[in-house]
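In the text below, chain A, chain B and the rest are named by the order of the sequence lines, each starting its count at 1.
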Amino acid sequence: MCSICGCGQGETRIDGVALPAAQGHGVAPDHGHDPGHDPGHDHEHVGADGRIYRHSHADDHLGADRQESLRHRQGREDGAARLIRVERDLLAKNAGFAAVNRRLFEATGSFVVNLMSSPGSGKTTLLARTLIDLKGRIAAAVIEGDQQTSFDAERIRATGTPAIQINTGKGCHLDAQMITQAVGTLAATQGGVLFIENVGNLVCPAGFDLGETRRVVVLSVTEGEDKPLKYPEIFATADLLLINKIDLLPHLTFDLGRLVGYARRVKPSLTVIELSATGGQGLEAWYAWIEAGAAAAQQKRPAGR
Amino acid sequence: MHELSLAQGIIDVIREQAATQSFARVRRVRLQIGALSHVEPESIAFCFDAACRDTVAEGARLEIERPPGQAYCLACAATVTIAARPDPCPRCGGHQLMVVGGDELRVLELEVD
């Protein structure tokens, strides 16, 4: 598979349950196909309600006569090569699921935060502390993404917050389709704040829109000031940078000003909050940012819902 | 990296086209991967070789177009060319840049029969 990190597909599990390879037509009767639909392969549809329907067809939708006339209409000569102008975005499928998620989140007035960082930045510790401190102030739910184990979801559930664990298997990032599938089983996304903790990785999550409201990068001061220049993509797509573990600064030679300067080179408008998830410094600024986002999402919610 | 998912994305686009355009084989796939996109052309080519097996695109030749990175410099009020995201404006040396091109990630064209 992928030579760089070994990422692969088809091994995604949500709360330990493998995603089904096929579903019957009976589940999703309300969709049609273009003529000449490719036979015999598994494929998916996103329903109007955001659910994913996956199924396969035993045979072609077209009779031989209609196929022949389709070929004639397209001027196809057997054996002759022809050019098809496609101009399709490679992330079109992900963008489609992300749009479904975004519509769902907007309709329910949910504020959805995609938390991204390298492994070990303290994302889960920060999240668990945040959920305890904001108990009673916001309604929250969590989607946890990791290649293996449900340790993080268990840590979140211990705070009394509903959590779903997505295991990506060999996948190196969460994608929008996994979120579509996970929110279907998470009743707590009816308004409030949904935190999505992405797979610990500063590279791949940058390219995948999950349909979130805001993208947040967590970087700890034990990691090195030059990360924004080494991994510019993830900082370029972020709305907020959380600099974690600042209580350790007296023991390090870390230059906070340099880190912020590098990050703003990549994203001039980036908001920065310095904090410590264990020491408690700066947490109120982070909580204020969350509450402002949640209030704005509620306000934008369509009337009558 | 995430190139395998993207290679799978190419196959998805090809499948979609095969369904409406009725072809049996893809000879050549032309891609556009901008210099500022988060993708290495070499590794997408490697992953495509794996992803195209047992599909109509098996054995297809991959051609990759590389549009240069383009950014608008707020200080110069001009569009400039940059090689990578954290690079400074080549005119003023500043970093008030907004990427406006070179982040494409698209299937442009298929040669089929």
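At a 4.5 Å heavy-atom cutoff, A/A206 makes no contact with chain B through either its backbone or its side chain. Heavy-atom distances place no part of A/Y262 under 4.5 Å from chain B, backbone and side chain included. For a residue to count as touching a neighbouring chain, one of its non-hydrogen atoms must lie under 4.5 Å from one of that chain's; by this rule B/R28 touches chain A with the side chain only. Proximity to chain A (any heavy atom under 4.5 Å) is shown, for B/I11, by neither the backbone nor the side chain.
Residues A/P232 and B/R85 share a closest heavy-atom pair of CB-CB, 3.9 Å. The two residues B/R27 and A/A81 come nearest to each other via the heavy atoms NH1-CB, 3.4 Å. Shortest non-hydrogen contact noted between B/P86 and A/V266 is CB-CG2, 4.2 Å. Contact record, A/V203 with B/H2: CG1-CE1, 4.4 Å, taken as the closest heavy-atom pair.
With a 4.5 Å cut-off on side-chain heavy atoms, A/K93 and B/V13 do not count as touching. The side-chain heavy atoms of A/F208 and B/S5, taken from C-beta on, include a pair separated by under 4.5 Å.
Classification of B/E111 and A/R82 as a salt-bridged pair fails, no side-chain N sitting under 4.0 Å from a carboxylate O.
From A/L90, atom CG reaches atom CG of B/L31 across 6.0 Å, with rounding to the nearest 0.5 Å.
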- request: Under the side-chain contact (heavy atoms from CB on, under 4.5 Å) rule, what do A/E87 and B/Q32 come out as? Steps first, then yes or no, please.
  value: CA-CA 9 Å; A/E87 305 240 4; B/Q32 194 175 41; over 6 Å; no
TODO: With side-chain contact (heavy atoms from CB on, under 4.5 Å) as the test, would you mind laying out the steps for B/I14 and A/V86 before giving the verdict?
DONE: CA-CA 9 Å; B/I14 291 172; A/V86 180; over 6 Å; no
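Contacts from residues 96-110 of chain B to chain A, taken as heavy-atom pairs separated by less than 4.5 Å, involve B/Q96, B/L97, B/L105, B/R106, B/V107, B/L108, B/E109, B/L110 in sequence order.
Per-residue heavy-atom pair counts under 4.5 Å with chain B were compared for A/R264, A/R265, A/R85, and the maximum is reached by A/R265. Taking chain B as the reference chain and counting heavy-atom pairs below 4.5 Å, the highest number among A/L91, A/I84, A/L229 is found for A/I84.
Around OH of A/Y231, the count of heavy atoms belonging to other residues, nucleotides or ligands within 6.0 Å does not exceed 12.
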